[in-house]
Amino acid sequence: MVTGRAYIRKVRYGVQLAFLLFTLYIGYEFYQFVLHFKSPGHPFVERPSSVDAFLPISGLMSLKYFLSTGIVEPIHPAAFVMFVAILAVSLLMKKGFCGWICPISTLSQYFWMGGRKLFGRNFKMANYADTALRSMKYILMALFLLLIGVAMKPNMMVLFFMTDYYVTADVRTMNVFAEMSAITFWVLIFLSVFSLLYKNFWCRYLCPYGALLGILSRFGLVKIARNEEKCIHCHSCTRACPSLLDVEQKEVVNSPECIGCLTCVSSCPSPGALDVSLKTGKNRRVLKPYLYPVALILFFYLVIGAGMAAGKWQSRIPYEEYKRIIPEIYKK
Ligand code: SF4
Ligand code: SF4
């Protein structure tokens, strides 16, 4: 059913596509940067700092290091800035990063949409399997937090930051895909098949980053809220929710699985029954749906802009150092 707020779904698809294309562009630029050092004669291209978004473990280490010492490590500072930006938006704006910005979540969505076209529907795990599998992302998250957040001491981190391995963590991450091993290939095939069958397979069951953001999002003030008096119990919201939440039965959606996609809001045919709301004291104030992505993206770039303004964006690795280390990676 088309509602007055159906536009928000289209806006989201547009925003997701824009971020996905931007990510591909960054990946291409970074590949050109690496080629310059790998293949003599290839023109030099500036390293795009945003590529550090693909180093969330560096981001976590940098955050711990920053909290312990007050220093932002200078090798991959953008990893720190983006990690903080993503945690901050999740704290304030639910898991909107997953629902609107993250290119992996977008690809995941394309897969299940493709699967729905292919098989006429998406499949649903039995409840016990779904619960057991969902715990995997929390187990992975706990492992990372324990190993990096607790066990790794700042003096150990400094030693690691100085290694060639850490300096080229971005190149090595790219090579996981650019120079794919048989194991990576089969893992990707496995994930692709399951992503066709099940909605958001990677995000729902395996992504430790999403698990962390989900926990933070529970403390946020912005939520999806349902008004029982206006609700006509048409089931549209529950049916539309890609996170499989029973929105129709909730007063306020508090689940860490909610990605703030607003698909439920855009599907609701009853004006005033389902809205984005902001908690103000004991009350909830209804927000226009379009304000959610606007605030989300503005806040995300505000934090990144603050990092840039503080000089914590560009890596301090000199050209000569890349010239020494990158060819080493490709020596067989
Ligand atoms: S509850 Fe609404 S906003 Fe949250 S994931 Fe489901 S459809 Fe998206
Ligand atoms: S909140 Fe809206 S979409 Fe959900 S059941 Fe009620 S009327 Fe239907």
Side-chain angles (χ1 to χ4, degrees), residues 9 12-13 15-20 23-24 53-57 59-60 82-83 85-87 89-91 93-116 121-127 129-145 173 176-177 184 187-218 220 223-224 238-247 253-264 292-293 296-297 300:
R9 197 185 299 209
R12 176 167 167 263
Y13 291 162
V15 170
Q16 285 181 298
L17 182 63
F19 275 106
L20 178 63
T23 306
L24 291 174
F54 283 91
L55 304 176
I57 297 176
L60 176 60
M82 273 186 280
F83 191 69
I86 293 166
L87 297 190
V89 291
S90 304
L91 196 56
M93 309 283 304
K94 302 170 68 69
K95 268 166 78 175
F97 174 78
C98 301
W100 292 76
I101 299 175
C102 175
I104 297 172
S105 170
T106 300
L107 285 178
S108 221
Q109 178 184 308
Y110 291 168
F111 268 93
W112 70 253
M113 284 177 160
R116 193 167 59 181
R121 68 183 180 109
N122 295 111
F123 295 82
K124 226 181 144 192
M125 298 260 179
N127 278 351
D130 180 65
T131 309
L133 282 174
R134 264 191 294 144
S135 66
M136 280 173 55
K137 65 177 185 282
Y138 294 106
I139 294 171
L140 289 170
M141 178 201 75
L143 274 176
F144 282 120
L145 289 181
T173 303
V176 170
F177 302 98
T184 308
V187 168
L188 287 179
I189 293 289
F190 169 86
L191 288 175
S192 303
V193 171
F194 277 81
S195 301
L196 279 171
L197 300 176
Y198 299 100
K199 282 187 176 173
N200 298 328
F201 183 80
W202 165 261
C203 311
R204 187 171 181 82
Y205 299 122
L206 294 169
C207 180
Y209 209 167
L212 179 62
L213 304 186
I215 291 172
L216 288 179
S217 75
R218 290 184 61 104
K223 303 272 181 208
I224 305 295
T238 296
R239 270 199 299 253
C241 177
S243 300
L244 311 181
L245 297 170
D246 194 357
V247 186
V253 178
N254 252 325
S255 166
E257 300 297 337
C258 175
I259 55 174
C261 63
L262 310 193
T263 309
C264 52
Y292 179 78
L296 176 82
I297 294 166
F300 181 60

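Nothing fancy with the numbering, it's 1 onward along the sequence.
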Find the distance between [atom1] ([X]) and [atom2] ([Y]) and round it off to the nearest 0.5 Å.
X    : Y    : atom1 : atom2 : answer
L191 : L107 : CG    : CG    : 12.0 Å
L17  : T106 : CG    : OG1   : 8.5 Å
L188 : F177 : CG    : CZ    : 6.0 Å
L216 : I86  : CG    : CD1   : 11.5 Å

Is a side-chain N or O of [X] found less than 3.5 angstrom from the main chain of [Y], in a donor-acceptor match?
X    : Y    : value
S90  : L213 : no
K95  : I215 : no
S108 : S105 : no

Subject >> side-chain hydrogen bond (donor to acceptor under 3.5 Å, both in side chains) pairs, two or more places apart, involving residues 131-142 >> reply: D130-R134, K137-E257
Subject >> Residue pairs involving residues 190-203 (criterion side-chain hydrogen bond (donor to acceptor under 3.5 Å, both in side chains); sequence neighbours excluded) >> reply: W112-N200
**OP:** Check the pair Y13 / Q16 against side-chain contact (heavy atoms from CB on, under 4.5 Å), numbers first and verdict last.
**Re:** CA-CA 5 Å; Y13 291 162; Q16 285 181 298; 3.6 Å; yes
Considering all heavy atoms of both residues, which atom of [X] and which atom of [Y] are nearest to each other, and what is their separation?
X    : Y    : result
V176 : T184 : O-CG2, 3.5 Å
G260 : W100 : O-NE1, 2.8 Å
N122 : L196 : ND2-O, 3.4 Å
G96  : L296 : O-CD2, 3.6 Å

Subject >> Counterpart residues, ring pair (Phe, Tyr, Trp, His ring centres under 6.0 Å), relative to Y209 (two or more places apart) >> reply: F83
Original post:
Can you list the residues that meet the ring pair (Phe, Tyr, Trp, His ring centres under 6.0 Å) rule with F194, with sequence neighbours excluded?
Top reply: F190, F201
Under a 4.5 Å cut-off applied to non-hydrogen side-chain atoms, are [X] and [Y] in contact?
X    : Y    : value
I101 : F300 : yes
L262 : R12  : no
K94  : C258 : yes
C203 : I259 : no

What residues, two or more places apart in sequence or in another chain, satisfy side chain to side chain contact (heavy atoms under 4.5 Å, CB included) together with [X]?
X    : value
V193 : I189, L197
C264 : I224, C237, V247, L274
P103 : L20, T23, F54

**OP:** Decide yes or no on side-chain contact (heavy atoms from CB on, under 4.5 Å) for L60 and L212, but give the supporting numbers first.
**Re:** CA-CA 11 Å; L60 176 60; L212 179 62; 5.6 Å; no
